[in-house]
Amino acid sequence: MKLREYNASDAEVITTWIENEYAFRQWSADRYEKYPITANDINQYYDKEKNNYKMYIITAYDESGTVGHFTLRFVDEHKKTVRLGFVIIDNKKRKKGYGKQMVDFAIKYAFDNIGANKISLGVFENNHNAIKCYERCGFQKKKIEIVESYECMGEIWNCIEMEYLKEV
């Protein structure tokens, strides 16, 4: 697996990995107003958001083509903490180690290429496979005073905050 900068054409592939609204909301929370989304929706979102802060939009690929996607964005003024988001893997590649490999690459990219020393993420507590993957990659659950919650599909979904600190 290798990483490259996201291309607008990647959105067509990414939309095919979102099987249903439940999976869509686990991936995007409330960042998009409607389901299903189109490739144009993804590209418009990224075009709008990349102007707000420094965002790295990354695609993972191998010899079979595009296999995953994620974003990293700075969340502090000193540009030492990045937020990992929009992590998604081709459904055909799930349960084969691709998710762990891509998150490991994201960690390495954040530390080695953009100079971060901490990576944070939020994951819904009902996304058990993602939580296991992040823990296998070394992310630790972080206790927070106020739990971030979203109304999704008529339910309240709580987020688990996780972080990974660079070893010095």
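There is no side-chain donor-acceptor pair under 3.5 Å between S64 and K92. Side-chain contact, N126 with Q26: a donor N or O sits under 3.5 Å from an acceptor N or O.
Side-chain contact between L3 and F70 is present, with at least one heavy-atom pair separated by less than 4.5 Å. Between Y56 and Y6 there is no side-chain heavy-atom pair separated by less than 4.5 Å. Residues I42 and T15 form a side-chain contact, since some pair of their non-hydrogen atoms from C-beta on lies under 4.5 Å apart. I18 has its side chain within reach of I37: a pair of non-hydrogen atoms, C-beta onward, lies under 4.5 Å apart.
For the atom pair OG1 of T59 and CD1 of I14, the computed distance is 5.5 Å after rounding to the nearest 0.5 Å. Here E148 contributes atom CD and C159 contributes atom SG; the two are 4.5 Å apart, rounded to the nearest 0.5 Å. Residue E151 holds its CD atom at 11.0 Å from CZ of R25, rounded to the nearest 0.5 Å.
Annotation: side-chain hydrogen bond (donor to acceptor under 3.5 Å, both in side chains) contacts of Y32 (sequence neighbours excluded): none. Residues passing the side-chain hydrogen bond (donor to acceptor under 3.5 Å, both in side chains) test with E161 are R83, sequence neighbours excluded.
Remark: side-chain polar atoms of E5 are not paired, donor with acceptor, to backbone N or O of I57 under 3.5 angstrom. For K80 (side chain) and G115 (main-chain N/O), a donor-acceptor pair under 3.5 Å exists by modelled atom type. Judged by distance alone, with hydrogens and angles left aside, the side-chain atoms of N158 form no donor-acceptor pair with the main-chain N or O of S149 at under 3.5 Å. Of the possible polar contacts, one joining the N43 side chain to the A8 backbone as a donor-acceptor pair under 3.5 Å is found.
Through direct or relayed side-chain contacts under 4.5 Å between Ile, Leu, Val, Met, Phe, Trp and Tyr, L165 connects to no other residue. Applying the under-4.5 Å side-chain rule to Ile, Leu, Val, Met, Phe, Trp and Tyr, the cluster around F124 extends to Y22, Y150, M153, W157.
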Test side-chain contact (heavy atoms from CB on, under 4.5 Å) applied to T71 and L84, step by step: CA-CA 6 Å; T71 63; L84 177 62; over 6 Å; no
Stepwise side-chain contact (heavy atoms from CB on, under 4.5 Å) check, K166 with K118: CA-CA 6 Å; K166 184 177 185 178; K118 180 168 85 170; over 6 Å; no
Report the C-alpha distance between I119 and T81 in whole Å, list the side-chain angles of each, state the deciding distance to 0.1 Å, and finish with yes or no for side-chain contact (heavy atoms from CB on, under 4.5 Å). CA-CA 6 Å; I119 306 168; T81 301; over 6 Å; no
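Of all heavy-atom pairs between V123 and M162, the closest is CG1-SD, 3.9 Å. Across N91 and T16, no two heavy atoms sit closer than the pair ND2-O, 4.4 Å. Scanning both residues, A39 and E12, for their nearest heavy atoms gives CB-OE2, 3.4 Å. When every heavy atom of N7 is checked against every heavy atom of R4, the shortest pair comes out as ND2-NH1, 3.0 Å. Nearest heavy-atom pair, E21 versus Y35, reported as atom, atom and distance to 0.1 Å: N-CZ, 3.5 Å.
Cation-pi geometry between K2 and Y61 is not met: the NZ or CZ atom fails to fall both under 6.0 Å from the ring centre and inside 45° of the normal.
Salt-bridge annotation for D41 and K34: present, with a side-chain N of the basic residue lying under 4.0 Å from a carboxylate O of the acidic one.
A ring-centre distance under 6.0 Å is not found for F86 and H69. Between Y164 and F111, the gap from one ring centroid to the other is short of 6.0 Å.
Connection of L121 to V75 is not established within any shared hydrophobic cluster, with ILVMFWY side chains joined at heavy-atom distances below 4.5 Å, either directly or through further cluster members.
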Acceptor/donor pairs from residues 129-147 side chains to any protein atom, 3.5 angstrom cut, sequence neighbours excluded:
from : atom 1 : to  : atom 2 : distance (Å)
N129 : OD1    : K95 : NZ     : 3.4

Donor-acceptor pairs under 3.5 angstrom involving side-chain atoms of residues 98-108: please list them, not counting sequence neighbours.
from : atom 1 : to   : atom 2 : distance (Å)
Y98  : OH     : D62  : OD2    : 2.9
K100 : NZ     : D104 : OD2    : 2.7
K108 : NZ     : D112 : OD2    : 2.6

